[in-house]
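Below is one structure, written out as structure tokens; comments come after it.
Letters A, B, ... mirror the listed sequences (proteins, then strands); counts begin at 1. All of these numbers come straight from a predicted model, not from anything done at the bench.
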Protein chains: 2
Amino acid sequence: MSQPLSRQAEPPLNIHALKSCAQCSMHQLCLPMGLEDAEIDRLDKIIGRRRRLERDERLYSVGESFRNLYAVRFGHFKTYQVNAAGEAQITGFQMAGELLGMDAISGTHHCDAVALEDSEVCEIPFARLEDLFGEVPTLLRHFHRIMSQEITREQNVMLLLGNMRAEQRFAVFLVNLSARYATRGYAANRFQLRMSREDIGNYLGLTIESISRLLSRFKKQGWLEVDKREVTLLDPVKLKALAAGTDVCSPMA
Amino acid sequence: MSQPLSRQAEPPLNIHALKSCAQCSMHQLCLPMGLEDAEIDRLDKIIGRRRRLERDERLYSVGESFRNLYAVRFGHFKTYQVNAAGEAQITGFQMAGELLGMDAISGTHHCDAVALEDSEVCEIPFARLEDLFGEVPTLLRHFHRIMSQEITREQNVMLLLGNMRAEQRFAVFLVNLSARYATRGYAANRFQLRMSREDIGNYLGLTIESISRLLSRFKKQGWLEVDKREVTLLDPVKLKALAAGTDVCSPMA
DNA sequence: CGATAAATTGAAACAGCTCAACTGTAGTGG
DNA sequence: CCACTACAGTTGAGCTGTTTCAATTTATCG
């Protein structure tokens, strides 16, 4: 409700400027995946404005009534829940091609979503998407698959938080980011961490100090390089083994 | 008083004989929620057999291809994920009126579901449900709400596992069970734990010993009574405060 | 350039785990 | 019905991975 309305009127003017899903580099990953050209056009017609957000700007907050889903066009987001005592838990980091807001279909938003850097999303009015479901069954089926995958993703995080040690959690985190960047055509073994150490720690159920120590230790073991927020995975095989738990977890020392 | 006896006494005795959603005591909570009588009938027609499972019997396993959703008619289930190293993480406990299998819509099952006691489910062939979605928009809308709520539920577990202490986790667990039984018309403050201490510990990211100690300590504080698996909440207000985190968490001592 | 925030590192504390012994409970067969 | 076994749960003692607290160092930004 209380969103700054000043900036959003101007149309995007730079290289990111695209008008349709068909032209978007993410359409193989995003909602239009697997649709015929004609169907993509129909989807295109219902998509609202492309909304720009700057770093730390909020896309939606807890309690806001649900109206739109959002597809990340570029940039990164974090979503987090806040409990009664005011403590937050980051529930996910979202990047280009990923969908935000599925937890809100029940009526109101149950978490906050914040841009980690200057980002852009496609606003997808859910009521119109529902109309389209009736006409484009492929779209509905794919939407269900996406929601189902989100449930599975969260179950994997529960597995991580419920019974992995710090070292394994962090390895899972790195390997997961690596795979997602690879899917998007970026280098698998060299990427920028878009989130702070604090955000990583919060997401993994660890303190910022633990993340810092983990990073130092992994570096000392020769498994990776770190320069500020740029990470280079030097031994991805080892990291994958750690993540899978097939390799033993050594103490924090 | 043996456990099987007290279990049979709780649900209405004729429940096993029901043939339709309209007659099912769970239809206010389950998939048919909010449907017109005529629409419930249509849903009824696509529902497959009612499948009985005995204790420890598996409803589905990881890797099985997806065909049906399942609605719990009576009894209880647990779902769990297994990682590469063979360790399990219980991702939820399901009771009457709740839906199982939504994580599998993406194609194959990503977790195992096992009956905690003799139970019965309604088999819902998803392909036929999809057909019905096109004809009964209310059903589709409600299905989306259910999936969305599942996502939110899991985010709440992430919050629990990510930044709550043992005492608070356990309080959340008890208060949550209490609320769900209350919704189903059972006593809010007196119920059977259908799962072992080990299952509780696994779900909450704690050891069985911790659960045992927590139970003893809560008992000593006068917050609850325990007799084997029967729990009586003596101070639900205090427990809710602990769960919400508005009350301080005392050490395990 | 200085101020402020983010990240690193060390030392000490502690929550929950591991290991181990024990108790109760349910199930089985004589 | 009891003896025996197996398993679930409880309790204690010591250990340890991670947090907490504190002090620096390093980046970021006006």
[X] [atom1] to [N] [atom2]: how many Å, rounded?
X	N	atom1	atom2	result
B:N163	D:dT18	CG	P	17 Å
B:F170	C:dA15	CZ	P	19 Å
B:L204	C:dG16	CG	C1'	13 Å
A:M195	C:dA5	CE	C1'	19 Å
A:E54	D:dC29	CD	P	13 Å
B:D199	D:dA8	CG	P	10 Å
B:E198	D:dG9	CD	P	8 Å
B:F218	D:dT11	CZ	P	15 Å

Short side-chain N/O contact to [N] OP1/OP2 from [X], under 4.0 Å:
X	N	value
A:S216	C:dT8	no
B:R197	D:dT10	yes
B:R229	D:dA8	no
B:R213	C:dG16	no

Check your understanding: With no hydrogens and no angle check, is any side-chain donor or acceptor of A:R169 less than 3.5 Å from a backbone partner on A:M164?
Key ->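 It does hold such a pair.
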Check your understanding: For A:C122, does its backbone N or O pair with a side-chain atom of A:R73 as donor and acceptor, under 3.5 Å?
Key ->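 Side chain of A:R73 to backbone of A:C122, a donor-acceptor pair under 3.5 Å: no, none is there.
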Check your understanding: Just wondering, more than 12 heavy atoms not from A:E198 lying within 6.0 Å of its CD?
Key ->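 It does not: A:E198 CD has 12 such atoms or fewer within range.
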Point to revise | Heavy atoms from other residues, nucleotides or ligands near CZ of A:R153 exceed 12 (cutoff 6.0 Å) | key: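 Counting neighbours around CZ of A:R153, more than 12 heavy atoms of other residues, nucleotides or ligands fall under 6.0 Å, so yes.
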Point to revise | Sugar-phosphate only, base, or nothing, as touched by B:S196 at under 4.0 Å among non-hydrogen atoms | key: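 Sugar-phosphate: the residue B:S196, judged by heavy atoms under 4.0 Å, touches backbone atoms but no base.
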**Study point:** Touch class at under 4.0 angstrom, heavy-atom based, for A:G201 against every strand present
**Key:**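 Nothing: the residue A:G201, judged by heavy atoms under 4.0 Å, touches no strand.
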**Study point:** base_contact_polar (C:dC19 base, B:E209 side chain, donor-acceptor, <3.5 Å)
**Key:**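 Yes, the side chain and the base share a sub-3.5 Å donor-acceptor pair.
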Review point. Nearest nucleotide by nearest heavy atom, which residue falls closer to the 5' end of DNA chain C, B:T207 or B:R55?
Key: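 Its nearest nucleotide lies further toward 5', so the answer is B:T207.
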Exercise for review: For A:K228 and for A:M164, find the nucleotide of DNA chain D with the closest heavy atom, then tell me which residue's nucleotide is more 5'.
Suggested key: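 The residue whose closest nucleotide sits nearer the 5' end is A:M164.
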Practice item. Would you name the heavy atoms of A:I90 and B:M158 that are closest together and state the gap between them? Key: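 Shortest heavy-atom contact: O-CE, 4.2 Å.
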